[in-house]
Amino acid sequence: VQLQASGGGLVQPGGSLRLSCVASSRIFGIRSMDWYRQAPGKQRELVASISSGGSTNYEDSVKGRFTISRDNAKNTVYLQMDNLTPEDTAVYYCNVKVRPRDWPRSPENNYWGQGTQVTVSS
């Protein structure tokens with residue numbers, strides 16, 4: 001499975017971007033589809049997550065500004081980012097956690113996209 005992230009770019013504070021992450025094929029056994037980000041000099045952090053049942057969770061600093069969603073028919077997960085601030089500047093990565101049929105005998109599989117740069121600056 002390969003994940004292709006896109007949608008990053010340069011935006012002014014207060015602006016919006018929509019990130020997309022497309023899987024190369026349909027993925028079975030998804031536990032969650034997530035967006036992480038990594039700013040320069042900082043550890044990668046979980047920004048938003050959507051479970052197989054559709055439940056969502058957000059990192060506190062993005063609550064009310066970011067929305068994660070997915071389109072199963074298109075094998076795609078999205079991250080709508082509104083009211084962006086310079087503190088949102090980072091490389092954003094999509095991630096899919098998959099449980100194999102014999103889980104927990106076999107561990108979860110973790111798939112990562114290549115990352116897309118988001119820069120918020122005036």
Side-chain angles (χ1 to χ4, degrees):
V1 174
Q2 292 184 339
L3 302 177
Q4 181 70 39
S6 62
L10 173 64
V11 64
Q12 292 186 343
S16 297
L17 285 173
R18 188 194 195 202
L19 305 184
S20 301
C21 178
V22 182
S24 58
S25 60
R26 185 174 179 180
I27 305 173
F28 295 90
I30 293 176
R31 177 170 71 82
S32 68
M33 303 180 78
D34 311 320
W35 285 97
Y36 287 74
R37 68 185 178 187
Q38 187 166 18
K42 294 187 177 181
Q43 289 188 336
R44 191 173 297 189
E45 64 175 354
L46 178 62
V47 175
S49 177
I50 184 165
S51 72
S52 58
S55 298
T56 58
N57 283 289
Y58 299 93
E59 194 268 328
D60 285 345
S61 70
V62 308
K63 286 180 180 177
R65 300 187 298 120
F66 289 11
T67 304
I68 189 171
S69 62
R70 68 182 188 201
D71 185 332
N72 292 333
K74 296 182 178 179
N75 301 326
T76 302
V77 60
Y78 303 98
L79 185 67
Q80 177 66 40
M81 305 186 295
D82 299 317
N83 195 20
L84 285 160
T85 73
E87 288 68 36
D88 296 316
T89 296
V91 178
Y92 284 70
Y93 299 89
C94 57
N95 172 270
V96 177
K97 295 177 177 63
V98 179
R99 285 181 174 171
R101 290 190 176 185
D102 61 348
W103 180 88
R105 280 193 301 170
S106 296
E108 282 188 348
N109 294 312
N110 241 331
Y111 299 101
W112 290 94
Q114 85 286 5
T116 184
Q117 176 70 48
V118 171
T119 303
V120 185
S121 175
S122 55

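- Residues Asp82 and Ser16 approach most closely at OD1-OG, 2.8 Å, considering heavy atoms.
- No more than 12 heavy atoms of other residues, nucleotides or ligands shown are found within 6.0 angstrom of CD on Gln2.
- A distance-only check finds a donor-acceptor pair linking the side chain of Arg65 to the backbone of Asn83 [under 3.5 Å].
- Side-chain contact check for Ser6 and Gln4: no donor-acceptor pair (N or O, by modelled atom type) lies under 3.5 Å.
- With hydrogens and angles disregarded, a donor-acceptor distance shorter than 3.5 Å links the side chain of Tyr58 to the backbone of Ile68.
- Taking 4.5 Å as the limit, every side-chain heavy atom of Leu19 sits out of range of all side-chain heavy atoms of Arg37.
- No donor-acceptor pair closer than 3.5 Å links the side chain of Thr119 to the backbone N or O of Thr89.
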Requested in this report: Would you please test Trp103 and Arg31 for side-chain contact (heavy atoms from CB on, under 4.5 Å) and show each step?
Outcome: CA-CA 11 Å; Trp103 180 88; Arg31 177 170 71 82; over 6 Å; no

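- By the 4.5 Å heavy-atom criterion applied to side chains, Pro13 and Thr85 are not counted as neighbours.
- Between the side chain of Ser51 and the backbone N or O of Gly53 there is at least one donor-acceptor pair closer than 3.5 Å.
- Side chain of Arg44 to main chain of Val91: no donor-acceptor pair is present (N/O by atom type, distance under 3.5 Å, no hydrogens or angles).
- Taking the ring-ring contact (aromatic ring centres under 6.0 Å, His included) definition, one finds that Trp112 meets it with Tyr36, sequence neighbours left out.
- Under the 4.5 Å side-chain contact rule for hydrophobic residues, Leu79 and Val118 share a cluster.
- Between Met33 and Val96 the shortest heavy-atom distance is CE-CG2, 4.1 Å.
- Proximity of a side-chain donor or acceptor of Asp71 to a complementary backbone N or O of Lys74 within less than 3.5 Å is detected.
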